[in-house]
Chemist: 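Here it is, the structure, as structure tokens.
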Amino acid sequence: MTRPRILLTRRWPEAAEARLAERYDLTVSPDNKPLGADALAAAMRDYDALCPSASDRLPRAVIETPGRRVRIIANYGVGYDHIDIDAAREAGVVVTNTPGVLTDATADIAVMLMLMTMRRALEGERELRAGAWRGWRPTHLLGHSLEGKLLGLVGFGRIARATAKRAEAFGMRIAYHSRHVAEDMPAEAYHASLAELAAKADVLSLHAPGGTETRHMIDAALLARMPAHAVLINTARGSLVDEPALAATLTDGGIAAAGLDVYAEEPKVHPALFDAPNIVLLPHLGSATVETRIAMGMKVADNLDRFFAGEAPPDRVA
Ligand code: DGY
């Protein structure tokens, strides 16, 4: 039997590529850059399975490529707002993702951004490197402790819960906004209104999926509800935040700081964010550990194996 042809749009950790190469006719896109629409359309015609990642855009026009051969898009990542899911469903293309395996790594980054912003780690590091450190003194670079602060989680899925668990270890109190009430949480932790949660959280951390429903859920009006000492953390999707509005709010002192790992137009970062004060900018490192990136690859492989065995892939989203 001929082996299914699989295209990885990027390099994966060696162990994950090796597992796929055992079973499949594997091609890894040679230049490790996002594929443009033409290259993705060509891939849709030439392969049985396409394995993109968050930086590849798969709109309807690509999914509906005439002469399409691809039957499954096995995404390397949990978020799939870069794939037109409705178009895939209508075209009968199966889409899978990689939930669960990047939960802890991403929650770690959310907490790291809280510590970096609230304890002013980046400012201190920059000062020291610039040779400007004048030694220990009682009022030097004072930040705020996490202990006792209210963490407002926007979305309450796996990553939000893992972030809550870590935050509780730092003594933070937890509140959340979500479409559903979590039965295992105290009733008072739930906030049906995002605006109400934003008005009282010391730290607001975003864990909602990308997409049209959540686009700019953090806009100028919402930012204006946040207390002046509050910190915004985003490890979810850049599209959740109106970035120029965030930059303006930081500049005006409307909130104290922001820690971002994701951006609306990655890898471009809105120039206003570079000019804003008190902001830590990371290059989408949420899932960037060796262990996690291997586990993500293995999860894609599990989905492909089941699909090509004629069974239901475990992480099907369309
Ligand atoms: C995800 O899995 O969605 C991460 O953001 C990396 O792509």
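Start at 1 and go down the list; that is how both ligands and their atoms are numbered.
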Chemist: Can you check whether T292 reaches D104 side chain to side chain, under 4.5 Å on heavy atoms?
Modeler: no

Chemist: Please list, by chain and number, the protein residues whose heavy atoms come under 4.0 Å of ligand 1.
Modeler: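 Correct list: A54, G77, V78, G79, L102, R237, H284, S287.
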
Chemist: Does anything in residues 289-318 form a ring-ring contact (aromatic ring centres under 6.0 Å, His included)? List the pairs, not counting sequence neighbours.
Modeler: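 Applying ring-ring contact (aromatic ring centres under 6.0 Å, His included) to every pair that reaches into residues 289-318, excluding sequence neighbours, yields Y24-F308.
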
Chemist: ring-ring contact (aromatic ring centres under 6.0 Å, His included): which pairs involve residues 154-181, sequence neighbours left out?
Modeler: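 Those involving residues 154-181 are F156-Y176, Y176-Y190.
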
Chemist: What pairs with R11 under side-chain hydrogen bond (donor to acceptor under 3.5 Å, both in side chains), at least two apart in sequence or on another chain?
Modeler: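 Here the qualifying residues are E17.
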
Chemist: Do NZ/NE/NH1/NH2 and the carboxylate oxygens of K299 and D302 come within less than 4.0 Å?
Modeler: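 Salt bridge absent between K299 and D302.
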
Chemist: How many angstroms lie between CG in L246 and CG in L260, if you round to the nearest 0.5 Å?
Modeler: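 The CG atom of L260 is 6.0 Å from CG of L246, to the nearest 0.5 Å.
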
